[in-house]
Amino acid sequence: MGMAAVVVSFFSLLPLVFVAWVTIQAGWATVSLLVFRPRVADLLLNTTALIVLTVPVCAGLAVALAWLTERTDLAGARVWAWVCVAPLAVPAFVQSYAWISLVPAFHGLFAGVTVSVLAYLPFLYLPVAATLRQMDPALEDVAASLGHGPWRVFRRVVVPQLRLAILGGSLLVALHLLAEYGLYAMIRFDTFATAIVEQFQTAFDGPAANMLASVLVVCCLLLLLLEGGVRGRARYARVGSGTPSRSRTVALGRYAPGAAVLLAATALLSIGVPMLTLGRWLLVGGRDVWRMGEILGALWQTLAFALAGGLLATLAAFPVAWIAVRHPGRFQRFLEGCNYIAGALPGVAVALALVMVTVRVALPLYQTVFTILVAYAIIFLPRALVSLRAAIAQTPVELEQAAGSLGHSPFGVMRVITLRLAAPGAAASLALVGLGIFNELTATQMLAPSGTQTLAMRFWDLSGELDYAAAAPYAVIMVAASLPLTWLLHVQARRRSGR
Amino acid sequence: MSFLVLQGLTKHYAAARATDAIDLVVARGSRTSIVGPSGSGKSTLMRLIAGFEAPDAGTIRLDGTVLAEGGISMPAHRRGIGIVVQDGALFPHLSVAENVAFGLPPRDAGRAARVRDLMAMVDLDISLLDRRPDQISGGQQQRVALARALAPNPRLLLLDEPFSALDTALRISTRKAVIALLAATGVTALLVTHDQAEALSFADQVAVMHKGRLAQVGPPHRLYRQPVDRMVAEFLGEAIILSAVIEGRAATSILGPLAVAEGHPSGRAEVMLRPEQVRVHVLSAEAGVHGAGVFGRVMEMEFAGASCAMVVEVPGGAPAAPARRIALQRSSMDALPVGTQVQISVAGEAHVFG
Ligand SMILES: Nc1ncnc2c1ncn2[C@@H]1O[C@H](COP(=O)(O)OP(=O)(O)OP(=O)(O)O)[C@@H](O)[C@H]1O
Ligand SMILES: [Mg+2]
């Protein structure tokens, strides 16, 4: 198990190793030549502006929406809560496809920020709403009794407790902003991810693309460090034992129409626009766009990738998760940490690393199913780890010991008990990773065997040819496939916090 | 003298009538405790007074100003009423010092000094000031919560089961400290508690709450000795309730003749004795028989440290009347073996339920 965990961690660190290696190999002169040039500065500026504008807007909007849906007497709050999570089911590049085909001149920073906010809002909404639900309302009451008005109570008591949720969500959003290719390529907003793919398509394995990837990876690491630094060692343990009483709902009164308008506007922009555009293109396309042979072929390939990649990621995550839960120690935590950091790296960097490794070290593996599956496993390993960890942690170690005392070998114990009991976690892992692969575009484009046509690739090619109508069925399938899992996430988040 | 006046205070929730036409008057500088079974509406009453909820009907007046009346309710932050709740509800993201200073005006030059004074007042060490709430003990947390509530000089202090999370010894010492502190500062206080001993020892005035109503309000000794009904009697301590025949100032019961107060109509009635009124004497050759007391037999004797719990069975008077078992306390120095024959006498008056 230990050996397996080390091997998995090594694989997941491949992109980081790659960055280091490329940099060292190229030598300082080349590096400075490739990195310190106007193009990189432009990209850096674009990316920074994107993050600096998107994250605060997203956070502010998420806090406002979460407060409205969780704490006020807003009509239909439960429906609105679901509406705030639903954009999760729309892949980011479908979101920007919806916008660009609705407003063809939608380009540049403003477009990038708008679509990003709409696409990634749920990443902040979910944790903030969950924290609001779990917050002890007595704290707000006490603050009011000490003479603070509602606004000051919100600022001084509620917001500080939301800090961890906001930070975590912001990090997730920022990492996605760095990694996303399709969304920005579609609206022609240049970021590192789009520039790397562009470079790669003109001259693959070129030093320029590699150096851009290095800068991107460094940006990701900086973000991780920044978040860790800001969070510090703060942990807001709830003091006291009592279960929190139900929080009071704030009567919106004359602000109710305004609140409803805010929610309706967000919903209209984030799911209304994709639904409208998709509906419109399906209408325009009529029956002609449903070329069933092509669509079913792509669906079949996508499903096969999703299933195989999900299995591989789950298998790979199992030793790491098992060791982290059963034999926690410094080294094990380090291994786990490696995997999380690796998971934070953009898929485009992972893909580029795998291209380079296969081309230079194991050419027969270049653009094979094996390589793309390995890439999926690396990119989505954290999703698998989270699910498996939770499930294994819930399996009492006493059961394993009991089975051992009844004469089963350690391996037998694992087969009979641990794997059985961790099955729900494995299923969750399979579903989460599978869905990720289902909607994955960038790494698939770069690594899949030639002739591969997944749903995302077909969609991308068709919309690239401005055949928006023909692309629509693929988008609809991707959204439809994502909906059940999104719903499950929404329900689970509510149940975990007791409602 | 009436400082806090509640009239017909009513609050309904969808399912329950949490408080139902509560009338209560609290004198300035006094201490009132509110006891009652779980779910009787004690916390709801506190929340109404604090202004966290608006009453459906009734009025709340504090020192002559109306806080709530006819659906209009002054928001909590304008009332100047401090509150300490069961688990302290300290702000987890702030240090002890910041918690205590939370209600003080910002950028006040005397802030730090005031925080120190308050810490001394609640008997806490200054070295705790920089800690986080989860780095101090439960008893310390309650004291910090108290200091925080007292910081803005509240007109009224509400204490909603503030000691119930503490263990027995800590709870008694904290309670004493709070009483001394309240006496020193002269703040009017209302204490909610489950614990009858706490209610009786804390307050000048005790209110027993039951199903959203106040069953009885009065000074502690009166509620203890002369409860209006069985519920109040049993809530405030062990009660021996007997049926008796009243005639003038005497009542005849299974424990023999009992003295009662004047003015009760003759006839059958229920009377109540507290166990400490019942004395048990051992029958022996030397001691002989004590006056007119009835005889009984020790059926159970359970050692409990300083005292022991004893059950004495008294035979029924008439042939048909069943025997009666009475639970009593006795110093464990005077424990008696099971089966001992005893004689029972009663000190003081029995209370007749009206
Ligand atoms: N927010 C609420 N929504 C609905 N019902 C409530 C709410 N708060 C209290 N109640 C109900 O009102 C009644 C009184 O509750 P309250 O909390 O005042 O009781 P309590 O006397 O403080 O009980 P305890 O001693 O257990 O703290 C209960 O039946 C309770 O279920
Ligand atoms: Mg209560």
Side-chain angles (χ1 to χ4, degrees), chain A residues 63 71-73 127-128 131-168 230-255, chain B residues 13 43-44 46-47 49-54 74-94 96 98-106 131-138 140-142 144-145 148-154 156-158 160-162 164-165:
Chain A
V63 171
R71 285 298 184 84
T72 66
D73 61 350
V128 170
T131 314
L132 269 180
R133 270 197 298 276
Q134 286 166 327
M135 218 176 264
D136 183 359
L139 295 178
E140 288 152 69
D141 286 346
V142 167
S145 79
L146 290 168
H148 296 279
W151 175 238
R152 224 155 15 124
V153 170
F154 185 74
R155 210 161 37 88
R156 292 196 51 193
V157 177
V158 178
V159 172
Q161 294 185 78
L162 290 177
R163 214 179 78 147
L164 288 188
I166 293 177
L167 266 176
V230 175
R231 187 178 43 186
R233 256 170 299 141
R235 65 197 167 90
Y236 301 144
R238 260 201 59 183
V239 189
S241 49
T243 45
S245 52
R246 272 180 86 99
S247 46
R248 271 170 313 138
T249 47
V250 176
L252 284 172
R254 63 203 166 92
Y255 297 108
Chain B
Y13 289 115
S43 296
T44 305
M46 289 294 189
R47 299 172 60 75
I49 300 172
F52 304 150
E53 317 260 359
M74 182 191 280
H77 65 278
R78 302 234 194 85
R79 293 194 178 191
I81 296 178
I83 188 165
V84 179
V85 295
Q86 184 170 353
D87 57 10
L90 296 184
F91 302 119
H93 58 289
L94 300 178
V96 167
E98 289 163 328
N99 262 285
V100 174
F102 198 85
L104 296 174
R131 302 240 192 118
R132 295 261 159 186
D134 57 345
Q135 294 167 330
I136 60 178
S137 75
Q140 290 167 336
Q141 285 174 16
Q142 285 310 93
V144 172
R148 180 181 65 182
L150 288 172
N153 285 319
L156 175 68
L157 186 65
L158 305 176
D160 191 352
E161 305 197 32
S164 66

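For clarity, every value in this text was computed on a predicted model and none was experimentally measured. Chain naming here is simple, since letters A, B, ... match the order of the sequence lines and numbering starts at 1 in each.
Put simply, NE2 on B:His93 and CD on B:Glu98 are 8.0 Å apart, with the number rounded to the nearest 0.5 Å.
In this structure, chain A has a heavy atom under 4.5 Å from the backbone of B:Ala149, while its side chain stays farther away. Using a 4.5 Å cut-off between heavy atoms, B:Ile83 touches chain A through backbone and side chain atoms alike. Contacts between B:Pro152 and chain A at a heavy-atom distance below 4.5 Å involve the side chain alone, from C-beta outward.
Listed here is the closest heavy atom pair of A:Leu162 and A:Val128: CD2-O, 3.9 Å.
Taking the ring centre of A:Phe154 as origin, the terminal cationic atom of A:Arg71 falls outside the region bounded by 6.0 Å and 45° from the ring axis.
Look at B:Asp160 and B:Arg47 and you find no salt bridge, because none of the NZ, NE, NH1 or NH2 atoms lies under 4.0 Å from a carboxylate O.
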